[in-house]
Visitor: 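Once you've had a glance at the structure underneath, I'll fire off some questions.
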Amino acid sequence: MSLESTEQVDTFQARREIDRLIVHPNFVPPTPATEHPTMPTDQPKQTASAEPAAAPAGGLTAGAAQPPAAGLLYPRTGPTDFLECVRLGHPYPPAVHAALGREKPLLEVQDFSLFYGQSRALYSINMSIPNKKVTAMIGPSGCGKSTLLRSINRLNDLIDSVSVTGDMLLSGRSVYAPNVDVIDIRKRIGMVFQKSNPFPMSIFENVVYSLRIDGERRKGVLEQTCEKALRAAALWNEVKDRLKESALGLSGGQQQRICIARAIAAEPEVLLMDEPCSALDPIATLKVEEFIREIAGRITVVIVTHNMQQAARVSDYTAFMYLGRLVEFGPTADIFQKPKLPETEQYVTGRFG
Amino acid sequence: MTTGMPGNLDPAVPQAAGGKWNARSRSTPLAARGEPMVWLTGGALAVCAIMVVGLLAIVLFGGLRTFWPRPIELVKLVGVGGKPGEVFLGTVVRTDSYTPDPTERARIKALAQAGALAPDAVDSDGLPIRRLYRVGNKEFREQPFKWVPVYQIASTSLEPSATLLERRAWGVWHGFPTATVQIVEKEVPGPASAVVKAEVAGGDGARVEREVVGEGAGGRVLVREKRTWEGTPEVVMQAFLAQHPSAVGRAAEIARLKEVEIGQINLGLEAERLRVRDAEIALARSEFGGADGLLGEGLAGVVVVVASATTALVCIGALVARLRARKPVEQGFLPEPDRRGALINALLLTVGLGLGLLAYAENPWAARKVTAQDVQAVRASAEQEIARLNGRYREVQREIAQVDTLDDQWRVVFTEPSTGRFAPVRQTEPDQPMRISAVVRAVQPNGMSFLGKLGVYLSRWGEFLFDVPREANTEGGIYPVIFGTVALTILLSIVVVPLGVIAALYLREYAKQGALTSLIRIAINNLAGVPSIVFGVFGLGFFVYTVGAFVDTGSGVLPGERVSLLGVVDTRQVVAWWVGVLLMGGLVVGAVLMGNLATPVPGKHATRLQENVGKIAFGAWCLASLGSLALLAYTPYFRGFFEARAPSPTFASKGMLWSAATLALLTLPVVIVATEEAIAAVPRTMREGSYGCGASKWQTMQRIVLPRAMPGIMTGMILAMARGAGEVAPLMLVGAVKLAESLPVDGNVPFVHLDRPFMHLGFHIYDVGFQSPDSEAARPVVWCTTLVLIVVVVALNITAIRIRSNLRRKFLGEAF
């Protein structure tokens, strides 16, 4: 057992070194030709599936030492053929739009990889979540968007087999440093889950849960917070007369909005939403989307969604992920209308995924 | 069963060779329809249901019919050899047929031929039928039950005045009311020869007999006057019933005086004895000790001051550090963990606590000089108090005698048919009729209406449920038994539920799932399969003889011996103990440190070194807890809480506490398993929601997991209660007794007496049914006790189930 884990750590270290060499944005390989031999390309497939007009001029499948493509925040170094990266188990240099450079980042994901036991779920993700903006993460099932989202407030710590490399910086401070208080991180981050999970207590207690666990006992403060959060979640008028009733008696949409109210009651810096509307009917979905539009500009929202229309409707920025790699990240309008990479194009137009 | 389709409908498909082109059959075989399985499973369920319902029905039938008043038959037997046959009163208990011996068979045959055999005297197989009569009247009969073959019965009749007396002693009496009697001793003017021996009093029609029994003052003579009022059974019965309530009141008053008043006096006497004994022990210790005097007291004082100051400082320091740590440093990010600081804190705390312990154990007040004069003073005041109590005792005795004399005046005569014998006041005086107060209930069932019988029935149930037993538990009530059972079950759940829940919480939430937890789970499950008598033996050996003895008298230092490092009988023992304390302290500090080192950085796997250190830390914790237990058990300073009562045991004997502990051990697996399952069933999303809000693990467990798992925990508690309430074997060893003098809860300080033995329904059934000298007489009690046991268990369960369904509604929400 102990022998295995030692080896495991060593493997991780080695992998991390390789990842650094391949994709670190600020890393310029000294001799790219020898360091990373040019990957064999799959030209026919690429041209067959991608719109020639949408493909940036620079060549998608060029090897190392590729010149920075127009409109990208930083050059894409290392191999850029997605399928080849997947075949070799390598990370992928994402296309990050230059527009992101103008935003103040709140959360910086640095070289972040995640492993379930020996199998790798995230491949050296590098991205900066802009402050007080709505960022959507899209991608097919199993691409790691939920895993990445759950890594931000370290919920994956609860799974024994998970180990991570790399780091995230929340407001410039590490999330994964050894001396970090996980609970404190989580207190600054609110989270809404795919399936609504109201606690087995009254509506009021559900909403003020975060304050209760901080030991808040002043009735006035609790009531004020509860009303504010419920109003923000557009639930106040529906439940104001039954705050003492069990939250489990509410309808599905109301339960999800209770969870939203709970997540924002403590005024977090970031609100993480993991497919919040996947179990809701269209009307409830509309209400949640209205809520997101409402708070956009006040707090940072990261939303994972399968519904591309939803991403297009609610988000300022969109990140496209595929097979554990970040592929493209940019303003929502650009991602959906003029993506820089053909993979993104194919996905958002519904040709695969 | 494979029959192909009747024909090939599609001409394009050629008929395959053998006609098996369609392997699927159109008809479904019986086995596939599943009907046999429906019958099989339904039949199995029916068998189970019939067995359970049958058992309950038998208990219900047996229990509910027992107290219904049955007719009293006046039985006349056939005379043998010219002598008239026996005549007696009795109630039929049972009827069955039996195999007669040859002479009896011949006699029955002769009777049948003569046509003198009653039609109900033999059954369809020609075997004679006999009846079991309950005849009572134990003073004059060897057996209160009598088997009578029906062919020997000349006649039976139901006399309306035949009376069944339930008496406080000597069981039931069957007879006819004949007379009421008043016996008075009084002084009349002398001389003795002038006393009229017998007359009929004018006013009330009483027959008066007088007997001179002694001489009074001033030439008067002491006369016992016996006034007898005879009459028809109805008249006598009415007179008896009119006097009965006041007689019962007198009996109750005597019982109250004896139990409450004299009980209080005895308690007071015991308390005085213990006070004197305590003082004597303190004197002995003071004389033994070498710690008094300037050096000893001075040193001890210094130690106390230093230790207390150190402990206080360390505690304040730790508190300040804790408060500072709570304040968010740099918006909530803690600085580098201060391992060295933590070690220093732990060391300081250990040293402080050790010094505090030293100060407490060696405190100079223990060496306070108790002089012989002090003891003398205590003794004197105790003697005064004892004298007062003795005076009160005599007073109460006088009161009792007074009531008793009055009670003794009033008698009643219930006569047997044909013999003319009546129920005597006591067996040695068969010529004196019994006291009216000796009758608990007089029933004349033969002429009774349905409502009257119902009244008797309910009054018997009332007595059974709310009265104490008499006649070696075969009569009277079972109130203490019900009380003991309910108290034990409640105490058992108070002990087992927290213990089991905490164990399950650790096992499921904190422990790393692996070989060790699997081993522990297997061990727990095996615990459920251990025979309960083994738990009883363990409880007796461990709880009663070991822990109980420790609680009573500590670690075996002689009473009065002073233990101290300074002036001690055996210094080596004390020094060795303190060395042990030091070792344990070191071990704890080391374990804390190693545990700290072994904790991996979050998000990273533990290194091999860390894993090994973790294992060593775990071992150190195990060793430290074992060592602490040993230190606790062998502390020479502890002399028990009941030193003065020694050598008579307090907690070192059968009692409620140890019974509850033993049963808790027995039912622990049930609670642990149920709780674990309930905790595991709490949805992951709910926990994640709580963690996502920034709750710690404990907060999540306390606020989300435990409330949500509460219905499951209640299920475990219900199962444990049901098992515990019905358990008998271990209780025979550790607590249940045939007859408990007092309830485990009463009005005397400290009100709850967990050291007392108690009565228990399950044990009562065994004891009355199988250990009783007269099993036939005990039969009704066994039936009804069984019924009550089932009712009690069901009532406890229903209560718990109601609470559980409430919790379910609260925590699990409505169904979607």
Side-chain angles (χ1 to χ4, degrees), chain A residues 1-6 8-9 12 114 150 153-158 160 162-165 171 173-174 176-201 205 209-210 212-214 246-250 252 259 262-263 265-266 268 272, chain B residues 325-326 328-338 512-515 599-612 614-615 682-700 702-705 707-710 807-816:
Chain A
M1 181 83 192
S2 55
L3 188 68
E4 275 175 21
S5 57
T6 317
Q8 205 176 352
V9 169
F12 292 152
L114 185 139
R150 290 161 53 90
N153 66 349
R154 289 182 61 169
L155 268 192
N156 286 328
D157 287 9
L158 303 177
D160 278 341
V162 162
S163 56
V164 300
T165 64
S171 306
R173 293 191 193 84
S174 171
Y176 277 89
N179 56 340
V180 161
D181 183 4
V182 185
I183 289 173
D184 202 86
I185 291 283
R186 290 186 189 141
K187 280 181 179 170
R188 299 165 58 197
I189 302 175
M191 183 146 185
V192 179
F193 294 82
Q194 182 172 5
K195 190 174 177 301
S196 62
N197 55 352
F199 299 145
M201 42 181 88
E205 289 298 327
Y209 184 77
S210 319
R212 283 268 189 226
I213 56 177
D214 287 344
S246 169
L248 297 167
L250 296 174
C259 297
R262 186 176 72 200
L272 307 178
Chain B
R326 268 179 75 102
V329 184
E330 291 183 44
Q331 285 192 347
F333 288 89
L334 290 173
E336 280 282 328
D338 187 3
K512 192 179 165 197
Q513 304 299 316
T599 313
V601 170
K604 300 280 188 292
H605 283 272
T607 62
R608 195 176 179 178
L609 179 72
Q610 278 176 330
E611 287 207 351
N612 288 336
K615 279 174 192 162
V682 175
R684 216 186 126 85
T685 54
M686 220 172 250
R687 290 164 198 258
E688 284 183 346
S690 173
Y691 287 127
C693 285
S696 66
K697 188 158 192 165
W698 170 244
Q699 282 174 325
T700 303
Q702 177 202 359
R703 286 164 191 265
I704 308 292
V705 176
R708 175 70 206 233
M710 202 47 90
L807 290 173
R808 274 218 178 115
R809 260 204 303 285
K810 193 168 158 200
F811 293 127
L812 303 194
E814 320 297 327
F816 280 89

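On a predicted model such as this, the values are computed, not experimentally measured, just so you know. Throughout, protein chains are lettered first and strands after them, A, B, ... in sequence-line order, and every chain is numbered starting at 1.
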Visitor: With a 4.5 angstrom heavy-atom cut-off, is it the side chain or the backbone of A:Leu158 that approaches chain B, or both, or neither?
Guide: side chain
Visitor: What part of A:Pro198 lies closer than 4.5 angstrom to a heavy atom of chain B: side chain, backbone, both or neither?
Guide: backbone
Visitor: Quick one, B:Gln699 and A:Ile183 - any side-chain contact, counting heavy atoms below 4.5 Å?
Guide: no
Visitor: Identify the two heavy atoms, one from B:Gly694 and one from A:Lys187, that lie closest to each other, and give their separation to 0.1 Å.
Guide: O-CE, 3.5 Å
Visitor: When you compare the side chain of A:Arg150 with that of B:Glu688, does any pair of heavy atoms fall below 4.5 Å?
Guide: yes
Visitor: Search all heavy atoms of A:Arg262 against all heavy atoms of B:Gly689 and return the closest pair with its distance.
Guide: NH2-CA, 4.2 Å
Visitor: For A:Asn153, check side-chain hydrogen bond (donor to acceptor under 3.5 Å, both in side chains) against everything at least two apart and list the hits.
Guide: none
Visitor: Of all the heavy-atom pairs spanning B:Ser690 and A:Tyr209, show the shortest one and how long it is.
Guide: OG-OH, 2.7 Å
Visitor: Flag the pair B:Cys693 / A:Arg186 as yes when at least one side-chain heavy-atom distance between them is below 4.5 Å, and no otherwise.
Guide: no
Visitor: Heavy atoms only, distances under 4.5 angstrom: which of A:Asn197, A:Leu155, A:Ile213 has the most pairs with chain B? Name it, please.
Guide: A:Ile213
Visitor: Check whether any side-chain heavy atom of B:Tyr691 lies under 4.5 Å from a side-chain heavy atom of A:Asp157, and answer yes or no.
Guide: no
Visitor: Could you look at A:Arg212 and say if it's the side chain, the backbone, both or neither that has a heavy atom under 4.5 Å from chain B?
Guide: both
Visitor: Do B:Arg703 and A:Glu205 have side-chain heavy atoms sitting under 4.5 Å apart?
Guide: no
Visitor: Answer yes or no: is there a side-chain heavy-atom contact under 4.5 Å between A:Phe193 and B:Thr685?
Guide: no
